[in-house]
Amino acid sequence: MNPDKKIAFEQILELRSAIIHHDYLYYVLAEPEISDQQYDALMRQLIELETAWSDLITPDSPTQRVGGAPVSSFEQVRHSAPMLSLGNCYNVDELRDFDRRVKELYENEPEYVCELKIDGVSATLTYRNRTLTQGATRGDGQVGDDITTNIRTIRSIPLSVSDKMPSDFEVRGEVYFPSDEFEKMNAQRISDGQKPFMNPRNGAAGTLKMLDPHEVTKRPLRFFAYTLLSDDIDLESQAGVLETLKRGIFPTNPNWELCRGLSEVEAYLNRWNEARNELSYETDGVVIKLNDIRAWNKIGSTAKSPRWATAYKFSAENVVTQLLDVTWQVGRTGAVTPVAELKPVLLSGTVVKRATLHNEDEIARLGVKIRDSVEIEKGGEIIPKVIRFIAEERPVNAEVIVVPSKCPECETPLVNDQEEVVSRCPNWQCPAQVKGRISHFASRGAMDIDGLGSKTVEMIVSAGLVNDAGDLYSLTVSQVENLDRMAELSANNLIKGIEASKTKSFDRLLFGLGIRHVGKGAARVIAECYPDLDALSQANPDDLQTIPEIGEIIAQSIKDFFQFPPSIELIDKLKAAGITGKQDEAVSIPQTLAGKSFVLTGALENFTRDSASEAIRERGGRVVSSVSKKTDYVVVGANPGSKYDKENKLGVVVVNERGFIELLNN
Ligand code: IVH
């Protein structure tokens, strides 16, 4: 090798190992040590050297993660060993049955490894000579799609490994979408006019199916490894596998535990059933595996799933009840959505009479009919949902669910919004929409008007006292105190509450206006750039789009709003009441937390997650989802999640709720 080339070669090796190290710190440990700019500079230097000395490029260089042109379809690959799925347990009794069966076959006291069940898409990665050669989906368990080019874009997956790993092996695990990235992507999709993904799992599956690896790079997928297959090492235990994978610099989920006996397993389940809400990714249960790998063969598998492992599903609270009817609800945007009216049933300790059916597509997907027995589930959401009907119990008089052609509130013929698979009532004056818009304006995340819940809105709209949110500000005590069920005291409170809302911040006002596609996040960024309603109403869509979070759809929607006669009327009324969005310097809050970043974990007594975040932001601080070196404070409530364990190592200040309140008041 000539001397120049030799120097270049050494620099290339050094840069590669630095980049791989920083990828590991960032993507696997979530503890970055350098800034994005510093990282980009390393990458640039490497690209420059590799461009000058192209014969030194190797496929495992970090510059080679995205390669090749889009493909037209994926090749099929047969798995070296079937990729099984898992049997499910929905309650502790079923778990005890599993444990009993294991004990019979194992003829020993079993130790179990409990792992979080990551709600993603399983994939298998093949390494030959310690280099990643293939990535494939599960497919039907025997044959999957070769998605190597897409897998290579996932930065936490090593393209080559050290001799801590055997030469030839296969790693299996879950590809998933981190929750915050998922939300960002969906917001972007909405602003680009695309249909959002239902959940992070669909997002991950949809991404892995994309044919152009350049598109996949834009979607920051992650990976957790949990299975290792290799003829070259003796794998004794699942705990050992997880440790080997971790040493081999594979990302593994840190929250696994070795449990001796079922009571330790149950404690793990209970703990994570709560703490999972604090994670930065979704988990839908716990996988319980017999730790002793050498016994797996003897215990064996059914055609679909192993007998030495099971999945415990968190949403264990599923019940079957009867679908009595489907009613159609008209929202503030006119969207008409189906609601399942159920025979009342106890679920997670509350009586449930209604559940959501989402939209017309969902009804078609479920194939459900009126009078069917349906299984309902309470997931993370507050409103339970119908997840399936019980085919064996379908009565002969089951009735097809008919989508109405007229608005159930005002009888205006509905129009079909093709793109959003929803029927809409086009009548702006539809009473359901009028009430919905006012309720939204008064809601907690918007103007937060005390005393103005949906029942009161119903009353004042039906009495003809208000027609839009602007009318609220000319309401008088004498007008409302005569309404049914409105005593003088609450009439007074209502008017006071309305008056007090006049000084709410511009982002709240903006969100409260209910402009299509302008959610809380968009309202916040817009309010940072425009001081008040007047300024915003003058903005043209191009100006608006210079805000990074604002795309064409949101910008156009804002413009349309300010030109729509009923909104012009609303804004005139608001202005007449002195509401312009402009913040009086005197009422604005001192920026005592400017530049500070916070992580919230666990439940607080005096705050919801939203209100705590808002209190921080109002004072100039930021709320981030996971702890890193850049985090200043971790606020720890009851039952803190895993975020809590990390910060001590990082020297972050930990405060409890009292300390947090002191920080806010300082
Ligand atoms: S072990 C034979 N461990 O759940 C056992 N699976 O219904 C193979 N999953 O197809 C799977 N997290 O996609 C295992 N920690 C974990 C998992 C996990 C998520 C998924 C995986 C599998 C499905 C089983």
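Just follow the structure's listing: the first ligand is 1, and inside any ligand the first atom is 1.
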Mind telling me whether Phe177 and Phe182 have parallel, tilted or perpendicular rings, with 30° and 60° as the class edges? perpendicular

Pairing residues for Asn270 by the side chain to side chain contact (heavy atoms under 4.5 Å, CB included) criterion, not counting sequence neighbours: none

Would a line drawn from the ring center of Tyr268 to the ring center of Tyr312 be shorter than 6.0 Å? no

For Glu362, all residues meeting side chain to side chain donor-acceptor pair (under 3.5 Å), sequence neighbours excluded: Arg365

Test item: Ser191 and Glu549 side chains (from C-beta on) under 4.5 Å apart, heavy atoms: no

By salt bridge (Lys or Arg N to Asp or Glu O under 4.0 Å), which residues pair with Glu33, not counting sequence neighbours? none

Using a 4.0 Å cut-off on heavy atoms, what residues surround ligand 1? Order them by chain and number. Leu84, Leu86, Glu115, Leu116, Lys117, Ile118, Ser122, Glu174, Tyr226, Val287, Lys289, Pro306

